[in-house]
Student: 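Can you read through this structure? Questions will come right after.
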Amino acid sequence: LRSISLSMNLPPGFRFFPTDEELVVHFLHRKASLLPCHPDVIPDLDLYPYDPRDLPGKALQEGRQWYFYSRKTQERVTSNGYWGSMGIDEPIFTSSTHKKVGIKKYLTFYLGDSQTNWVMQEYSLPDSSSRSSKRSNRGSTSSTHKPDYSKWVICRVYEQNCSDEEDDDGAELSCLDEVFLSLDDLDEVSLP
């Protein structure tokens, strides 16, 4: 497990707030294609032995969100609970060509039968199974078996508070957005 020290390779003030498209195109696609990624800040983590509260120090943390690469699996059980699908899968398209480049799946963490406020967004490449079969059929005669990197996903985990409201378009509001929205309400109040 790689130790995460953002100050080691990154300039002061670096913040990690990638869009869905950037996570898939710049990070996940490069990982699956065995290409270098700069900056290389997202660690590999086998998520499923860990509960969400165990992520600090093991995953890239930005604010109250944790990012990491993990292997795509149907088994999402930890020592104390499991990640269950919320039944929401969103396609991710490029902003320039509107080409489908990934899929975002939403999962929530359960302790026993109780649903928690922990949410995971799991980003995967579309048709990764067909991609890996094409890659293996390219006539490679090497006897060494390399890991199938097309099965990687990027996970974004966060704890959703009851006070976190969503816009009509489904985008989460940051704390700063909520402050600005509350300031807008002050315009409606007449001061003496």
Side-chain angles (χ1 to χ4, degrees), residues 1-76 78 83 89-97 99-107 109 118-136 138 140 142 144-160 171-172 174 176:
L1 188 59
R2 179 174 79 168
S3 174
I4 300 171
S5 174
L6 292 181
S7 62
M8 190 167 76
N9 297 323
L10 302 171
F14 174 82
R15 299 291 183 264
F16 190 75
F17 291 111
T19 64
D20 291 346
E21 178 185 351
E22 291 166 339
L23 278 174
V24 171
V25 173
H26 183 73
F27 291 96
L28 185 56
H29 177 71
R30 295 184 71 78
K31 175 88 167 173
S33 300
L34 301 175
L35 297 170
C37 187
H38 301 290
D40 185 15
V41 294
I42 301 176
D44 297 348
L45 180 66
D46 183 12
L47 166 68
Y48 304 108
Y50 302 106
D51 291 336
R53 295 184 194 275
D54 299 332
L55 291 176
K58 293 177 177 61
L60 169 64
Q61 181 176 356
E62 184 62 54
R64 300 279 305 147
Q65 298 183 18
W66 290 268
Y67 297 85
F68 52 90
Y69 293 107
S70 192
R71 302 293 288 181
K72 191 175 201 174
T73 181
Q74 297 300 317
E75 186 69 24
R76 295 183 174 100
T78 70
W83 290 96
D89 292 358
E90 293 179 8
I92 299 169
F93 298 96
T94 61
S95 54
S96 58
T97 62
K99 177 184 171 190
K100 183 178 176 181
V101 291
I103 299 165
K104 179 167 59 169
K105 176 187 244 10
Y106 288 83
L107 301 109
F109 188 71
W118 287 99
V119 175
M120 177 169 51
Q121 296 170 344
E122 183 183 82
Y123 297 85
S124 61
L125 297 174
D127 302 320
S128 61
S129 60
S130 65
R131 225 179 242 152
S132 64
S133 63
K134 286 179 190 174
R135 186 175 295 162
S136 63
R138 287 188 180 163
S140 174
S142 173
T144 59
H145 294 283
K146 295 182 180 176
D148 184 4
Y149 287 96
S150 65
K151 300 292 185 192
W152 285 104
V153 294
I154 289 182
C155 299
R156 174 191 285 155
V157 175
Y158 58 93
E159 188 172 19
Q160 185 174 10
E172 292 179 40
S174 70
L176 194 55

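Owing to the predicted nature of the structure, the values given are computational and were not obtained by experimental measurement.
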Student: Closest approach of Val24 and Val101, non-hydrogen atoms and distance?
Tutor: CG1-O, 3.1 Å
Student: For Glu22, what residues pass the salt bridge (charged side-chain N to carboxylate O under 4.0 Å, His left out) criterion, not counting sequence neighbours?
Tutor: none
Student: Is any side-chain heavy atom of Lys100 less than 4.5 Å from a side-chain heavy atom of Ile92?
Tutor: no
Student: Would you check if Ser70 and Leu45 make a side-chain contact, meaning some heavy-atom pair closer than 4.5 Å?
Tutor: no
Student: Residues two or more places apart in sequence or in another chain: which of them pass side-chain contact (heavy atoms from CB on, under 4.5 Å) with Pro36?
Tutor: Arg30, His38
Student: Tell me, please, which residues at least two apart from Thr73 pass side-chain hydrogen bond (donor to acceptor under 3.5 Å, both in side chains).
Tutor: none
Student: Without swapping roles, check the side chain of Glu90 against the backbone of Lys104 for a donor-acceptor pair under 3.5 Å.
Tutor: no
Student: What distance do Leu60 atom CG and Asp40 atom CG have between them, rounded to the nearest 0.5 Å?
Tutor: 10.5 Å
Student: Who pairs with Arg156 by side-chain hydrogen bond (donor to acceptor under 3.5 Å, both in side chains), at least two apart in sequence or on another chain?
Tutor: Gln65, Tyr67, Gln121, Tyr123
Student: Can you sort out the partners of Phe68 under ring pair (Phe, Tyr, Trp, His ring centres under 6.0 Å), two or more places apart, ordered by chain and number?
Tutor: none
Student: Kindly write out the residues that satisfy salt bridge (charged side-chain N to carboxylate O under 4.0 Å, His left out) with Lys105, not counting sequence neighbours, or none if the list is empty.
Tutor: Asp89
Student: Under a 4.5 Å cut-off applied to non-hydrogen side-chain atoms, are Met120 and Tyr106 in contact?
Tutor: no
Student: Test of understanding: with side-chain hydrogen bond (donor to acceptor under 3.5 Å, both in side chains), list the residues that count as partners of Ser95, not counting sequence neighbours.
Tutor: Glu21
Student: Are Phe17 and Glu62 packed together at the side-chain level, in the sense that at least one heavy-atom pair is separated by less than 4.5 angstrom?
Tutor: yes
Student: May I ask you to test the Phe16-Ile42 pair for a side-chain heavy-atom distance under 4.5 Å?
Tutor: yes
Student: Can you list everything that forms a side-chain hydrogen bond (donor to acceptor under 3.5 Å, both in side chains) with Asp51? Sequence neighbours excluded, please.
Tutor: Thr78, Asn80
Student: Evaluate the criterion side-chain contact (heavy atoms from CB on, under 4.5 Å) for residue pair Trp152 and Asp44; output intermediate values, then yes/no.
Tutor: CA-CA 9 Å; Trp152 285 104; Asp44 297 348; 3.9 Å; yes
Student: Kindly compute the distance separating CZ (Phe93) from OG (Ser96), expressed to the nearest 0.5 Å.
Tutor: 13.0 Å
Student: Quick one: is the NZ or CZ of Lys31 closer than 6.0 Å to the six-membered ring centre of Tyr69, and within 45° of its axis?
Tutor: yes
Student: Please name the pair of heavy atoms, one in Val157 and one in Trp118, separated by the smallest distance, quoted to 0.1 Å.
Tutor: CG1-CE3, 3.8 Å
Student: Keeping the roles fixed (side chain from Glu122, backbone from Ser124), state whether a donor-acceptor pair exists under 3.5 Å.
Tutor: no
Student: Which pair of non-hydrogen atoms, one from Gly63 and one from Gln61, has the smallest distance, and what is that distance?
Tutor: O-NE2, 3.0 Å
